[in-house]
Amino acid sequence: MTKMSAAQAWQYVTDSTREAAYRRQLEIDRGERPVVGVNCFEDADEDDLTLGDSVKSASLDYDPAWRAQQVERLARVKRKRDPRRFEAARRRLVEAYRLREPIVEPTIEAAEAYLSIGEMVDALAGVSGEAELRKRGGFITRLYS
Amino acid sequence: MNEDSRPIRVLFASDTSGHTAGYHVVARGLRDAGFEVILTGRQLPSESASAALQEGADVVAIRIMDRDPVEHVSAILEAMRAAGVGDVPLLAGGIIAKRDAEKLLSMGVVGVFRPGSKLSAIVECARNAVRGRTVGP
């Protein structure tokens, strides 16, 4: 095999993985690759997304009231945190991102200074825009516009 | 009608990043079945709706992994109506509990595909949804 650039190598691995996943799915669909509970020995009554009776309701039932509770909790944290420590940590995070330095340490510091995830992401998006942020980091700023 | 003259165009979005193996498997299955697949990756509901409009999608499909299916699909349906593409059929697939799947169907989603679904079932559903819409009542 000839030498590949890092980008080509990444593409090669990605393509190979996707190809293998597709072949695997076709084998399952055709019944050539048995998967218990999927294409053989299926249980029609099984509710496969519950984790057991004890955690059943907690695991999947979404209660819209949780959002309001969480927003209130977040507001409380923001009122209580040290604003100077918050601002210093925010600046360090932005600076590291701008200089393309590793952002793990500044992100940990930001969390310790009680920046919310939304505030961290907004700070990063402020550097080079949301599109670039998505490309670089896999963050998302808003879940609903 | 002219349903055979050009491939069915699917706009295929996902709710969040990561865990994309299944997403790409389904995309490939649709493509190999003759669909034109527009992969948008992770999108906000409003982005999927406007992409469906701009791309002239015949059908919209959404991969759900991390978000609450009912909440997320409600937002997409609302955004699609607001964008004027409320009549484009919507398919959903991913980590969706049975009871949520039933809710999604009652909300107007034409097909819900949970783990273990066959590619052929997804293809057939998308094709029928578009055909039903093309021929009309």
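Every value quoted in this text rests on a predicted model; they were computed, and no experiment measured them. Chain letters run A, B, ... following the sequence lines, proteins first and then strands; every chain starts at 1.
- Clustering ILVMFWY residues whenever any of their side-chain heavy atoms sit less than 4.5 angstrom apart, transitively, puts B:Ile96 in a cluster other than the one holding A:Val38.
- Hydrophobic side-chain contacts under 4.5 Å tie A:Val71 to no other Ile, Leu, Val, Met, Phe, Trp or Tyr residue.
- Atom NE2 of B:His24 is separated from atom OG1 of A:Thr17 by 10.5 Å, given to the nearest 0.5 angstrom.
- Listed by sequence position, A:Glu19, A:Ala21, A:Tyr22, A:Arg23, A:Gln25, A:Leu26, A:Asp29 are the residues of residues 19-30 of chain A in contact with chain B, using a 4.5 angstrom heavy-atom cutoff.
- Listed by chain and number, the residues in a side-chain contact (heavy atoms from CB on, under 4.5 Å) with A:Arg91 are A:Glu87 (sequence neighbours excluded).
- By the criterion of side-chain heavy atoms lying less than 4.5 angstrom apart, applied directly or through intervening Ile, Leu, Val, Met, Phe, Trp or Tyr residues, A:Tyr97 is not grouped with A:Ile108; the two fall into different hydrophobic clusters.
- Note on residues 102-111 of chain B: no pairs pass side chain to side chain donor-acceptor pair (under 3.5 Å), not counting sequence neighbours.
- For A:Glu109, the CD atom sits in a packed shell: over 12 heavy atoms of surrounding residues, nucleotides or ligands are nearer than 6.0 Å.
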